[in-house]
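Written out below as structure tokens is the structure these notes cover.
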Amino acid sequence: TQSTRPQRLLGAVQKKATRGNPRSVIQTIDQFCRQREWAMNVGDEKGCILDSVVTETNPTTVLELGTYCGYSTVRIASLLPPQARLITLEFNPDFARIARQVITWAGVQDKVELVEGASGDLIPKMKAQFGVNTFDLVFLDHWKDRYLPDTKLMEECGLLKKGSILLADNVICPGTPDYLEYVRNSPRYQSQYFKSHLEYTKVEDGLEKSVFLG
Ligand SMILES: CCc1ncnc2c1ncn2[C@@H]1O[C@H](/C=C/CNC(=O)c2cc(-c3ccc(F)cc3)cc(O)c2O)[C@@H](O)[C@H]1O
Ligand SMILES: [Mg+2]
């Protein structure tokens, strides 16, 4: 039977990346996507912006929406202090299975909780079922038409506090127009656009960083 792209990506990691070395896993996936097959990871260029936001936020509790193969999961987790934790939501079981193996290969599994399911169903359970109070940082990288409803849901569930950071991928390509309009015009957010490029291409894309003002 034919392998899938995520399976081939995992194969490259297990063949070429050093176990327990997150930077090696990231480098291997970026090389795979540049030289073999494009995949929708945040990538190395936008990844550097992600890294700087994570390190400057110094978060204790992070939420990622859309794990895919775990590239940004590994990137974020590798920068977290020992007690910090990252909860990542993924509703496709095949992608979740691949991501778990990538996360474990990188050796960051102790900081990561991958939860299978739809964000709309899981976000309301974060406090009661996952013992979360509020998130210091949220990385949005799932279906682009879910960014806005999930942001409103996180507000309603009291999962954002004054100073919580939302970092959204792909606000230009594929684009998240309703989300951008909301965070840029709402008095409850201070938004900033980080211009970059679509992963592994010269096409414009960028990240939107929005601070929740309470
Ligand atoms: C139901 C809520 C919900 N709950 C839980 N998990 C969910 C979910 N909705 C989605 N997922 C999972 O997240 C991942 C999807 C991510 C979606 N990302 C893009 O579509 C994208 C596209 C391009 C691009 C493609 C083609 C181009 F030509 C240009 C650009 C570039 C990018 O960086 C991109 O992120 C998958 O693992 C889903 O299973
Ligand atoms: Mg993306």
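Remember, it's 1-based here, ligands and their atoms both numbered in the order they're listed.
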If you consider just the N/O/S atoms, which atom of Asp169 is the closest one to the Mg ion (ligand 2)? OD2
Taking the side chain as every heavy atom from C-beta outward, state whether Phe139 and Leu50 have any atom pair closer than 4.5 Å. yes
Does one hydrophobic cluster hold both Tyr179 and Tyr193, with members joined at side-chain heavy-atom distances below 4.5 Å? no
How close does the nearest protein non-hydrogen atom get to atom 26 (C) of ligand 1, and which residue and atom is it? Trp38 CH2, 4.2 Å
Is the shortest distance from a heavy atom of Gly117 to ligand 1 less than 4.0 Å? yes
Could you give me the CA-CA distance, side-chain angles and deciding distance for Gln109 and Thr104, then say whether side-chain hydrogen bond (donor to acceptor under 3.5 Å, both in side chains) is met? CA-CA 5 Å; Gln109 68 285 344; Thr104 301; 4.6 Å; no
Minimum side-chain heavy-atom gap Glu199-Asn41 below 4.5 Å: no
Less than 4.0 angstrom from a charged side-chain N to a carboxylate O is my criterion; do Asp110 and Arg85 meet it? no
Note the single closest protein heavy atom to atom 36 (C) of ligand 1, along with its residue, its atom name and the distance in Å. Glu90 OE1, 3.6 Å
Do ligand 1 and Asp169 have nitrogen or oxygen atoms that lie under 3.5 Å from each other? yes
For ligand 1, note which part of Asp141 has a heavy atom under 4.0 Å away: side chain, backbone, both or neither. both
Tell me which protein heavy atom sits closest to atom 6 (N) of ligand 1, plus the residue, atom name and distance to 0.1 Å. Phe91 N, 3.2 Å
Does the side chain of Ser210 come within less than 4.5 Å of Glu208's, by heavy atoms? yes
Is there side-chain contact between Trp38 and Cys33, with at least one heavy-atom pair below 4.5 Å? no
Check whether any side-chain N or O of Trp105 sits under 3.5 Å from a backbone N or O of Val25 as a donor-acceptor pair, and report yes or no. no
Test item: protein heavy atom less than 4.0 Å from atom 28 (F) of ligand 1: no
Proximal atoms of ligand 1 relative to Ala118 (non-hydrogen, under 4.0 Å): 4 (N)
State the atoms of ligand 1, each with its element, that fall below the 4.0 Å cut-off from a heavy-atom position in Tyr68. 37 (O)
Of Gly66, Ala39, Cys173, Gly43, the residue with the heavy atom nearest atom 13 (O) of ligand 1 is Gly66
With only distance considered, is Ser119 within less than 3.5 Å of ligand 1 through an N or O on each side? yes
Using only N, O or S atoms, tell me which atom of Asp141 is closest to the Mg ion (ligand 2). OD1
Ignoring hydrogens and geometry, is there a side-chain-to-backbone donor-acceptor pair from Asp205 to Cys173 under 3.5 Å? yes
Near Glu199 (heavy-atom distance under 4.0 Å), the atoms of ligand 1 are 31 (C), 32 (C), 33 (O)
Per-residue contact class, Asn41 against ligand 1 - non-hydrogen pairs under 4.0 Å: neither
Is the distance from the Mg ion (ligand 2) to some N, O or S atom of Met40 under 2.8 Å? no
Taking atom CZ as the centre, does Arg36 end up with more than 12 heavy-atom neighbours from other residues, nucleotides or ligands that are less than 6.0 angstrom away? no
Audit row: Tyr200, Asp30, side-chain hydrogen bond (donor to acceptor under 3.5 Å, both in side chains) steps and yes/no: CA-CA 8 Å; Tyr200 318 117; Asp30 285 329; 2.7 Å; yes
Who's closest to atom 30 (C) of ligand 1 heavy-atom-wise, of Leu89, Asp205, Leu198, Leu140? Leu198
Using heavy atoms and a threshold below 4.0 Å, how should the contact between Tyr147 and ligand 1 be classified: side chain, backbone, both, or neither? neither
Protein contact for atom 17 (C) of ligand 1 (heavy atom, distance under 4.0 Å): yes
Under a single-linkage definition using a 4.5 Å side-chain heavy-atom cutoff for Ile, Leu, Val, Met, Phe, Trp and Tyr, are Phe91 and Met154 assigned to the same hydrophobic cluster? no
Number the atoms of ligand 1 from 1 as they appear, then name those within less than 4.0 Å of a heavy atom of Asn170, with their elements. 31 (C), 32 (C), 33 (O), 34 (C), 35 (O)
Short version for Phe95: what comes under 4.0 Å of ligand 1, heavy atoms counted, is side chain
Heavy-atom count around Gln190 CD within 6.0 Å, excluding the residue itself: above 12? no
Distance-only polar pair, side chains of Ser3 and Arg8, donor-acceptor under 3.5 Å: yes
Nearest non-hydrogen protein atom to atom 15 (C) of ligand 1, with distance, is Trp143 CZ3, 3.2 Å
Can you tell me if Tyr200 has a non-hydrogen atom under 4.0 Å from ligand 1? no
Note the single closest protein heavy atom to atom 22 (C) of ligand 1, along with its residue, its atom name and the distance in Å. Pro174 CG, 3.6 Å
Taking atom OG1 of Thr88 and atom NE2 of His142, what is their separation to the nearest 0.5 Å? 10.5 Å
Short N/O distance, under 3.5 Å, between Lys144 and ligand 1? yes
